[in-house]
Chemist: 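Sharing a structure here in structure tokens format.
This structure is a prediction, so every number in the text was calculated from the model and none was measured.
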Amino acid sequence: MTDIDDKTAAEAFRRLISHLQMRADAQNVDLMGLAGFCRNCLADWVSEASDGALDRNAARQAIYGVPYAAWKAGQPEATPAQLAKMDASLALNETLRRQGD
């Protein structure tokens with residue numbers, strides 16, 4: 001992995017979060033289907049990296065910019081096609097992780 005200093009990484013991460021907050025039209029299920037991660041994944045990573053300073057709900061609010069329940073209430077239900085694409089993407093994540101071991 002290319003080394004990126006912490007200041008640069010932090011600024012890029014903040015821009016990513018800002019961009020995802022702006023693009024509420026980009027559903028998590030579509031992000032999962034295309035990239036194998038979503039806002040919830042980012043929140044989990046933030047929570048884990050915080051060494052207990054942020055629980056899952058606090059991390060989600062930081063990522064979404066609003067309480068998770070409020071954000072989710074404004075999202076449409078995932079279609080079967082979206083869910084199938086997400087499942088295939090998650091399977092690819094596992095394959096790629098095994099190859100990296």
Chemist: Checking Q21 now: which residues fulfil side chain to side chain contact (heavy atoms under 4.5 Å, CB included) with it, not counting sequence neighbours?
Modeler: I17
Chemist: Measure the shortest side-chain to side-chain distance between K85 and L34 over non-hydrogen atoms and say whether it is less than 4.5 angstrom.
Modeler: yes
Chemist: Only counting residues at least two apart or in another chain, list the ones meeting salt bridge (Lys or Arg N to Asp or Glu O under 4.0 Å) with R97.
Modeler: E94
Chemist: Do any pairs count as a ring pair (Phe, Tyr, Trp, His ring centres under 6.0 Å) and have a residue in residues 68-101, sequence neighbours left out, and if so which ones?
Modeler: Y64-Y68, Y64-W71
Chemist: Within this structure, what is the CD-CE distance for the pair Q27 and M86, rounded to the nearest 0.5 Å?
Modeler: 11.5 Å
Chemist: Compare every heavy atom of A9 with every heavy atom of I4, then report the nearest pair and how far apart it is.
Modeler: CG2-N, 3.7 Å
Chemist: What pairs meet the ring pair (Phe, Tyr, Trp, His ring centres under 6.0 Å) rule with one or both residues in residues 80-99, with sequence neighbours excluded?
Modeler: none
Chemist: Ignoring hydrogens and geometry, is there a side-chain-to-backbone donor-acceptor pair from N28 to C38 under 3.5 Å?
Modeler: no
Chemist: Which is it for V29 and T79 under the side-chain contact (heavy atoms from CB on, under 4.5 Å) test, yes or no, and what are the steps along the way?
Modeler: CA-CA 9 Å; V29 70; T79 67; over 6 Å; no
Chemist: Which atoms form the tightest heavy-atom contact between M32 and C41, and what is the distance?
Modeler: SD-SG, 3.8 Å
Chemist: Under the rule for salt bridge (Lys or Arg N to Asp or Glu O under 4.0 Å), what residues qualify as partners of R23, not counting sequence neighbours?
Modeler: D25
Chemist: After noting the C-alpha distance and the side-chain angles of F37 and L31, does the key distance pass the side-chain contact (heavy atoms from CB on, under 4.5 Å) rule?
Modeler: CA-CA 6 Å; F37 82 100; L31 292 172; over 6 Å; no
Chemist: Taking only distance into account, with no hydrogens and no angle test, what donor-acceptor pairs under 3.5 Å do side-chain atoms of residues 52-59 form with protein atoms, sequence neighbours excluded?
Modeler:
unit_1 : atom_1 : unit_2 : atom_2 : d
D55    : OD1    : N57    : N      : 3.1
D55    : OD1    : A58    : N      : 2.7
R56    : NE     : D44    : OD1    : 3.0

Chemist: What's the shortest heavy-atom distance between L20 and R39, and which atoms?
Modeler: O-NH2, 3.1 Å
Chemist: Using modelled atom types and a 3.5 Å cut-off, is there a donor and acceptor pairing between side-chain atoms of E11 and backbone atoms of T8?
Modeler: no
